[in-house]
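One structure is given here, and the rest of the page talks about it.
These values consider heavy atoms only, across backbone and side chains, with no hydrogens, waters or symmetry-generated copies. Numbers here are sequence positions counted from 1. Not measured: the values here are computed from a predicted model.
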Amino acid sequence: MVGRGRAGGGGCDVPVHPNRIMLHDTTCLPALATRRSTEAGRGAHTYTADRTRVLPVYEAAPTYREAGYDLVVVAGRDYGAGSSRDWAAKAQALLGVRAVVAESYERIHRSNLIGMGVLPLEFAEGDSASAHAFTGEEELSFEGLGRLRVGTNRVDLHLHRSDGRRTTAGLRLRVHSRQELAYLRHGGILPYVVRRYLQGP
């Protein structure tokens with residue numbers, strides 16, 4: 001059954017489908033805000049890939065996938081606190097998010113992001129998103145992801161701005177175990193398990 005309706009009492013109209021209600025609810029809560037929310041209504045909103053429209057995040061995300069872009073979430077402190085944590089991480093992976101850059105993470109949510117193959121990157125101590133004047137028009141690239149190890153890894157975030165300027169922010173990626181490292185290298189638990197199975201005993 002597919003129709004039009006509202007899931008979870010949030011601020012977004014969503015397709016009513018048993019497999020999608022939770023995905024919509026993670027981005028359509030009235031208390032969830034982005035820099036575009038005040039101009040577009042309740043819930044998280046953002047530009048489409050061609051920057052012609054501001055839509056709920058769930059509706060805008062596929063336009064980036066179609067344009068060949070991975071998504072990055074830039075956030076503040078205690079990212080993931082108070083969420084339905086397993087679905088909060090799963091929804092981001094399904095929307096095409098490949099990395100989150102935040103000041104700090106709720107412990108379980110950080111682990112769930114890794115399980116979904118999403119990189120939980122942290123700003124350096126004393127740094128934050130507000131110090132870098134993000135507009136949403138930047139193209140982001142990461143340096144250092146090819147040499148990850150167990151422990152604290154240095155990763156550089158390069159911001160390529162629309163006026164041609166390039167700035168860099170130092171990040172860290174904490175990997176607590178070889179199992180977490182394996183999940184990140186394989187893109188999450190499910191790809192890891194499937195590849196292990198196909199390899200055989």
Side-chain angles (χ1 to χ4, degrees), residues 10-14 23-83 88-89 91-106 109-110 113 116-146 153-174:
C12 306
D13 287 324
V14 300
L23 179 60
H24 289 77
D25 276 358
T26 59
T27 61
C28 292
L29 296 172
L32 185 62
T34 64
R35 288 177 180 247
R36 303 277 80 84
S37 295
T38 54
E39 61 195 65
R42 298 186 305 168
H45 291 71
T46 192
Y47 282 114
T48 53
D50 60 9
R51 301 193 67 78
T52 60
R53 293 172 294 164
V54 174
L55 296 176
V57 164
Y58 176 79
E59 295 181 29
T63 69
Y64 289 87
R65 184 165 53 246
E66 292 162 6
Y69 291 106
D70 291 330
L71 298 179
V72 177
V73 172
V74 180
R77 293 188 300 272
D78 299 323
Y79 186 76
S83 63
Q92 290 181 76
L94 292 174
L95 289 173
V97 173
R98 293 296 171 258
V100 176
V101 183
E103 293 176 53
S104 62
Y105 291 86
E106 195 282 331
H109 184 64
R110 175 200 158 277
L113 288 173
M116 294 306 301
V118 178
L119 297 161
L121 297 156
E122 298 174 55
F123 286 106
E125 192 71 30
D127 197 8
S128 67
S130 59
H132 299 280
F134 286 95
T135 66
E137 298 182 20
E138 304 86 357
E139 289 195 14
L140 310 179
S141 61
F142 298 90
E143 183 179 352
L145 296 177
N153 298 268
R154 167 67 184 254
V155 177
D156 288 326
L157 166 61
H158 301 298
L159 294 84
H160 308 269
R161 302 186 185 276
S162 57
D163 60 4
R165 290 182 300 126
R166 171 174 151 162
T167 58
T168 299
L171 308 177
R172 62 185 178 184
L173 174 59
R174 293 180 292 118

### Query
Would you say the side-chain atoms of His158 and Ser141 include a donor-acceptor pair closer than 3.5 Å?
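There is no such pair (donor and acceptor under 3.5 Å, judged by atom type) between the side chains of His158 and Ser141.
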If we only count heavy atoms from C-beta on, is the [X] to [Y] side-chain gap below 4.5 Å?
X: Thr52; Y: Tyr47; answer: no
X: Tyr64; Y: Thr48; answer: no
X: Val155; Y: Leu121; answer: yes
X: Val100; Y: Leu119; answer: no
X: Asp127; Y: Glu103; answer: no
X: Thr46; Y: Leu55; answer: no
X: Glu138; Y: His132; answer: no
X: Arg53; Y: Glu59; answer: no

### Query
More than 12 heavy atoms of other residues, nucleotides or ligands under 6.0 Å from CZ of Arg154: is that the case?
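Counting neighbours around CZ of Arg154, more than 12 heavy atoms of other residues, nucleotides or ligands fall under 6.0 Å, so yes.
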#### Entry: OH (Tyr69) with more than 12 external heavy atoms under 6.0 Å
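Open.
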Side-chain donor/acceptor of [X] to backbone N/O of [Y], under 3.5 Å:
X: Asn153; Y: Leu173; answer: yes
X: Ser104; Y: Asp78; answer: yes
X: Thr63; Y: Ala49; answer: yes

### Query
Would you call Glu137 and Arg161 a salt bridge, using N to O less than 4.0 angstrom?
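No.
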### Task
Return the orientation label for the Tyr105 and Tyr79 ring planes: parallel under 30°, perpendicular over 60°, tilted otherwise.
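Aromatic pair Tyr105/Tyr79 classed perpendicular.
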#### Entry: Residue pair Thr135 / Arg51: nearest heavy atoms and the distance that separates them
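For Thr135 and Arg51, the tightest heavy-atom pair comes out as O-NH2, 4.3 Å.
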### Which atom of Gln92 lies closest to which atom of Val73, heavy atoms considered
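Nearest pair, atom of Gln92 first, then Val73: OE1-CG2, 3.8 Å.
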### Task
Give me the one residue out of Val101, Leu71, Val72 that meets side-chain contact (heavy atoms from CB on, under 4.5 Å) with Leu140.
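Among the candidates, only Val72 passes.
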### Message
If you apply the rule salt bridge (Lys or Arg N to Asp or Glu O under 4.0 Å), what do you find for Asp163 with Arg165, and how did you get there?
### Response
CA-CA 6 Å; Asp163 60 4; Arg165 290 182 300 126; 2.8 Å; yes
### Query
For Glu143, which residues count as a salt bridge (charged side-chain N to carboxylate O under 4.0 Å, His left out) partner, sequence neighbours excluded?
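None.
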